[in-house]
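Here's the structure we're looking at; comments come further down.
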There are 2 protein chains.
Amino acid sequence: MPSISDVARHAGVALGTVSNVLNHPAKVAPATLEKVQKAIAELGFVRNSNAQQLAAGRSRSVGLVVIDISNSLFVDIARGAQRHAAELGMNVLVANSDNRIDQQRADLDFFDEARVSGILLAPMEDASEDVARIRRHGRPTVMLNYDTGRGDCCQVLVDNEEVGYLAARHLIDIGRTSLAFVGGRDYLQPVALRRRGVRRAVAEAGGRVTLEEVPTENLDPPGGLRAAEGLVAKVRGGRLDGVIAVTDLLAMAIIQVFGAQGVDVPGDVAVMGCDHNSAAWGGMIPLTSVQMQGLDMGREGLRLLLAEIAAGPVGHEHVTTVLRPELVVRESTVGRAAALTQL
Amino acid sequence: MPSISDVARHAGVALGTVSNVLNHPAKVAPATLEKVQKAIAELGFVRNSNAQQLAAGRSRSVGLVVIDISNSLFVDIARGAQRHAAELGMNVLVANSDNRIDQQRADLDFFDEARVSGILLAPMEDASEDVARIRRHGRPTVMLNYDTGRGDCCQVLVDNEEVGYLAARHLIDIGRTSLAFVGGRDYLQPVALRRRGVRRAVAEAGGRVTLEEVPTENLDPPGGLRAAEGLVAKVRGGRLDGVIAVTDLLAMAIIQVFGAQGVDVPGDVAVMGCDHNSAAWGGMIPLTSVQMQGLDMGREGLRLLLAEIAAGPVGHEHVTTVLRPELVVRESTVGRAAALTQL
DNA sequence: GTGAAAGCGCTAACAT
DNA sequence: ATGTTAGCGCTTTCAC
């Protein structure tokens with residue numbers, strides 16, 4: 001492939017002039033500029049960004065590491081970041097860790113080696129060691145959808161307590177009074193927070209509404225299947241008319257079991273999820289859930305990252321932006337007719 | 001950040017030795033190796049991949065450009081390619097063109113500038129000019145899910161005629177006899193091919209089954225809404241009991257209209273899509289569709305790409321791999337009870 | 001405004 | 001086995 005010096009020779013100018021045409025066209029005489037651009041076109045010159053970054057010492061790219069690209073939240077994050085980046089003439093490189101923590105480390109290291117100007121990280125678990133390493137190398141890193149609780153980097157979060165609150169509040173608003181919160185142990189941040197929000201909404205309702213908490217081993221469909229079996233009898237006995245599953249995947253599994261056992265959703269029991277995950281949209285009934293604002297999260301994350309890059313290591317104060325979640329009402333809580341009017 | 005020569009100084013060896021430790025450890029004496037690795041650890045050295053690529057003239061990364069990462073087919077493609085790449089110690093960089101053709105061009109150029117060793121492209125429309133440019137630069141490019149019809153590069157396709165055939169065949173198998181194929185004009189490859197497959201299945205059924213073809217302006221939900229309105233009367237009149245929508249999104253919109261008008265799906269009419277797109281899973285009823293084999297497509301694409309890279313510009317024969325689609329049966333054609341038994 | 005030259009951090013001969 | 005050195009393609013002073 002032709003290099004910048006081939007272009008220079010072809011155009012009959014010096015190598016440095018071609019570089020100026022590429023980077024500071026204002027500093028070049030119009031006639032020269034045209035000559036060089038013609039040469040570039042004729043030779044089909046394509047700048048080598050490796051050499052460019054090496055020489056310039058800076059990059060127009062930021063890296064985005066997501067733990068699972070098949071989760072629609074992370075897709076939305078990627079799209080939000082990319083759109084904003086495009087507006088700014090920057091580039092977002094996306095790496096998918098495919099739910100493997102070692103792959104996530106590899107992805108972070110890859111971006112570190114590539115000397116990207118900053119990294120957006122949307123992890124599932126604490127990744128503080130890896131992040132600390134990256135940041136020690138002087139590479140700004142913004143956490144997405146995960147609260148380190150240490151204020152040691154910028155973060156963009158959704159108010160997960162509000163997620164739980166909105167969910168419980170919705171069920172209460174549609175007249176449900178015997179609720180269950182189905183979710184794993186609290187070691188996962190969102191679970192603990194959503195649970196707290198659910199409790200708050202129930203508490204606000206006074207004694208009118210009861211809440212039962214149902215633990216599950218995992219947050220995936222199999223976990224939901226087991227949990228649901230215990231719930232069927234309660235629904236039949238009139239002791240349960242609303243279920244909040246901490247994830248959509250869990251909710252979907254629960255609905256599946258209910259359907260198989262002849263329990264009517266939402267007639268007998270309303271069921272909803274909490275993370276508006278399109279992977280869970282394949283269920284029997286469209287799921288009411290809570291929107292996690294992925295697009296905004298990506299966009300805001302990029303904004304914070306660029307601010308930190310611009311500020312440099314000193315003179316930067318870490319910021320945490322908390323996004324407001326939004327309820328998405330569909331059939332699994334209000335039935336088909338009511339859901340249609342929402343369209 | 002420390003460079004390779006910092007490491008050399010710190011370890012008391014020559015720069016080239018450090019390079020050998022990194023790239024050809026077998027050529028280094030055990031004692032020296034350990035000394036150098038210690039220095040690397042102490043200094044927190046991270047190799048600069050820009051410099052490495054520049055010097056070595058080759059890259060361990062390939063680029064994947066997808067037209068729309070929110071389409072689950074393309075997510076599957078990315079995951080398939082990445083998994084295979086990880087096994088081989090390679091890296092897949094994903095760029096999402098967000099349905100914009102100019103962004104797609106920008107993504108291709110970005111990878112061209114980054115001197116990746118090859119490119120996987122999953123486009124929506126003909127991108128031959130851009131691809132030709134990239135390939136002229138000596139960068140192998142494999143097309144995914146798009147048939148250029150020119151045999152000018154390797155391709156991985158799904159047999160879209162078979163997709164249509166499977167769809168029609170399924171409806172016929174469950175006893176439907178008055179079918180409609182709802183799809184846009186044939187300028188989109190998959191539409192034309194699926195239509196042909198549908199016709200073949202109907203023809204095979206002899207005179208028992210009728211087929212009506214319903215054109216739509218677009219393949220998105222609004223297009224489906226309009227098309228569906230004309231279909232309602234036919235269903236009521238008993239002149240239609242099976243609908244094949246060329247995309248899941250279209251199918252979902254049709255089901256929505258049917259639901260709103262009190263037409264029972266699948267009781268009165270079975271409806272199915274053709275591209276197993278999770279973005280369409282939010283509909284009233286889980287959709288029967290045809291699986292497009294995204295994971296296999298990504299994996300096979302990467303395999304072909306690496307083969308071409310290894311073979312070099314000469315001595316490479318372009319290959320087209322055609323994947324077999326698979327029917328995915330859910331409620332929209334067989335009803336809830338039958339769908340449950342499929343689980 | 002333009003040209004010459006010194007690196008950026010690394011790889012790969014080549015020499016020792 | 002280890003050290004030396006010439007680039008890879010580009011940016012960026014610094015003279016002209």
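Only heavy atoms go into these numbers, but all of them, side chains included; no hydrogens, no water, no symmetry mates. Chain letters run A, B, ... following the sequence lines, proteins first, then strands; residues in each count from 1.
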I need the [atom1]-[atom2] distance between [X] and [N], as an integer number of Å.
X: B:Arg60; N: C:dC10; atom1: CZ; atom2: P; value: 17 Å
X: B:Glu34; N: D:dA1; atom1: CD; atom2: C1'; value: 17 Å
X: B:Arg9; N: D:dG3; atom1: CZ; atom2: P; value: 14 Å

Do [X] and [Y] make a side-chain contact, defined as non-hydrogen atoms from C-beta onward lying under 4.5 Å apart?
X: B:Leu22; Y: B:Ile40; result: yes
X: A:Asp76; Y: A:Met297; result: no
X: B:Met1; Y: A:Arg139; result: yes

- Task: Return the minimal non-hydrogen interatomic distance between A:Gly44 and B:His137, and the atom names on each side.
- Result: O-CE1, 3.7 Å
- Message: Can you give me the closest heavy-atom contact between B:Ile4 and B:Leu15, atom names plus distance?
- Response: CG2-CG, 3.8 Å
Identify the pairs formed between an N or O of the protein and an N or O of nucleotides 9-13 of chain D at a distance under 3.5 Å, and give each distance.
residue : atom : partner : partner atom : Å
D:dC10  : OP1  : A:Asn48 : N            : 3.2
D:dC10  : OP2  : A:Ile4  : N            : 2.4
D:dT11  : OP1  : A:Asn23 : OD1          : 3.2
D:dT11  : OP1  : A:Asn23 : ND2          : 3.0
D:dT11  : OP1  : A:Gln52 : OE1          : 2.7
D:dT11  : OP2  : A:Ser19 : OG           : 3.1
D:dT11  : OP2  : A:Asn23 : ND2          : 3.2
D:dT12  : OP1  : A:Arg58 : NH2          : 2.4

